[in-house]
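Right, one structure below, let's go through it.
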Amino acid sequence: MRQEQGPPSRAMDSNETLVMEFVLQGFSEHPELRLPLLACFLSIYFVALVGNTVIITLISCSPSLRSPMYFFLFNLATMDIVCTTSVLPKAVMGLALGENTISFPGCMAQLFFIIWSVSSELLLLTVMAYDRYVAICHPLHYSTIMSPRLCGALATGVWFICAINASVHTGLMVRLTFCGPNLITHFFCEIPPLLLLSCSPTLVNSIMTVLADAFYGVINFLLTLISYGFIIASILRIRSAEGKKRAFSTCSSHLIVVSVYYSAVFCAYISPASSYGPERSKASGALYTALSPTVNPIIYSLRNTEVKNALGRLIPRLKR
């Protein structure tokens with residue numbers, strides 16, 4: 001195996017070697033699953049790419065989809081494309097070739113885009129929960145509160161804050177020394193397995209990871225729960241069953257997406273690096289980098305009449 005030949009490196013003054021290339025373990029410990037996983041990942045990436053591109057196209061071309069909810073959905077679909085594209089093509093290549101190496105700069109770039117897209121999605125889901133809270137609890141003031149200017153500021157803030165977060169974590173990772181071994185027990189570059197490979201102190205990285213987990217995972221999750229607490233209380237006060245059903249349908253898709261995404265992210269990140277489990281991390285990583293971006297456009301399209309109507313109007317135009 002490549003690992004036995006030793007990692008590509010350059011000499012250091014301290015007689016150590018600096019790793020210049022990592023080996024992604026992927027699913028090599030299960031060779032019998034290589035072809036099924038290759039077919040599965042290829043299919044998932046195709047569906048995620050097509051589904052999210054369709055959502056972006058529909059929202060861009062349909063005047064009926066100009067509300068804040070669809071503006072945020074446009075950003076969510078863009079984040080999903082960034083997330084899957086930063087992970088799945090490399091994973092598919094590794095499955096096809098039987099081995100998967102990645103350069104140190106390539107690993108850091110992948111880490112940046114994964115952190116950027118994942119943290120952006122968590123923050124955006126909180127913003128979308130607030131949007132649903134205003135729509136259901138303050139419907140008469142919805143257009144005033146969720147003005148185009150505020151929506152633009154919220155979306156820009158999400159992308160900018162999370163880009164800074166990704167830059168901080170990537171910068172802290174770059175300053176670490178990796179002198180071997182170079183085997184990452186994952187199918188993409190992620191913080192916990194990388195910290196386990198470092199031969200320099202990782203205390204600052206661990207502290208910043210815990211702080212990011214607390215903000216993006218715990219605090220945003222609590223804010224989302226608070227929003228839905230007010231939403232549910234408001235729905236229960238509606239007297240007619242039809243009114244309750246209509247109000248709940250406006251936030252059910254978002255609630256499903258939140259449940260799936262947070263379950264995967266909590267499993268992957270809300271734990272110390274010392275308790276890192278490769279198999280568990282690979283499973284949860286596949287959920288939030290592959291499965292969640294794939295099912296998001298399906299959930300929002302199948303459960304949303306306006307999206308289905310816009311798609312029905314767009315298809316004849318494309319045929320012509």
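Because only heavy atoms are used, hydrogens play no part in the values below, and waters and symmetry mates are left out as well, while side chains stay in.
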From I44, L49, L42, V50, residue fulfilling side chain to side chain contact (heavy atoms under 4.5 Å, CB included) relative to F46: V50

More than 12 heavy atoms from other groups under 6.0 Å of CZ on F113: no

Would you mind reporting whether Y70 and I59 have side-chain heavy atoms less than 4.5 Å apart? yes

Which one of V168, N165, T209 satisfies the side chain to side chain contact (heavy atoms under 4.5 Å, CB included) criterion with I115? N165

Using only atom types and a distance under 3.5 Å, with no angle test, would you say the side chain of S117 pairs donor to acceptor with the backbone of I114? yes

Pairwise side-chain contact, L95 with F41, heavy-atom cut-off 4.5 Å (strictly under): yes

Are I55 and F74 packed together at the side-chain level, in the sense that at least one heavy-atom pair is separated by less than 4.5 angstrom? no

Are any side-chain N or O atoms of S234 and backbone N or O atoms of F230, one a donor and one an acceptor, separated by less than 3.5 Å? no

For residues T224 and Y130, is any side-chain donor paired with an opposing acceptor at under 3.5 Å? no

Donor-acceptor check, side chain of K282 to backbone of F187, threshold 3.5 angstrom: yes or no? no

Are L255 and I238 grouped together when hydrophobic residues (ILVMFWY) are joined by side-chain heavy atoms under 4.5 angstrom apart? no

How about CE on M108, more than 12 heavy atoms from neighbouring residues, nucleotides or ligands closer than 6.0 Å, or not? yes

Write down the atom of N100, the atom of A91, and the distance for their closest heavy-atom approach. ND2-CA, 4.3 Å

Any donor-acceptor N/O pair, W116 side chain to W159 backbone, under 3.5 Å: yes

For a side chain to side chain contact (heavy atoms under 4.5 Å, CB included) with L176, tell me which candidate from L197, L194, L195 qualifies. L195

Taking the side chain as C-beta and beyond, is there a heavy-atom pair between D131 and Y142 under 4.5 Å? yes

With a cut-off of 6.0 Å (strictly less than), are more than 12 heavy atoms of other residues, nucleotides or ligands near CZ of F215? yes

Taking D80 for the side chain and S292 for the main chain, is one N or O donor matched with an acceptor at less than 3.5 Å? no

Ring centre gap for Y228 and Y133 strictly below 6.0 Å: no

In terms of ring plane angle, is the pair Y262 and F221 parallel, tilted or perpendicular, where the classes change at 30° and 60°? tilted

Checking S147 side chain against L150 main chain: does a donor-acceptor pair fall under 3.5 Å? yes

I'd like to know whether the aromatic ring centres of F112 and H169 sit less than 6.0 Å apart in this structure. no

When you measure from the side chain of K90 to the backbone N and O of T101, does any donor-acceptor pair fall under 3.5 Å? yes

Just checking, any donor-acceptor pair under 3.5 angstrom between side chains of N75 and E121? no

With the 4.5 Å side-chain cut-off for hydrophobic clustering, are I145 and I136 part of the same group? yes

Is the closest side-chain donor-acceptor distance between S64 and S62 under 3.5 Å? no

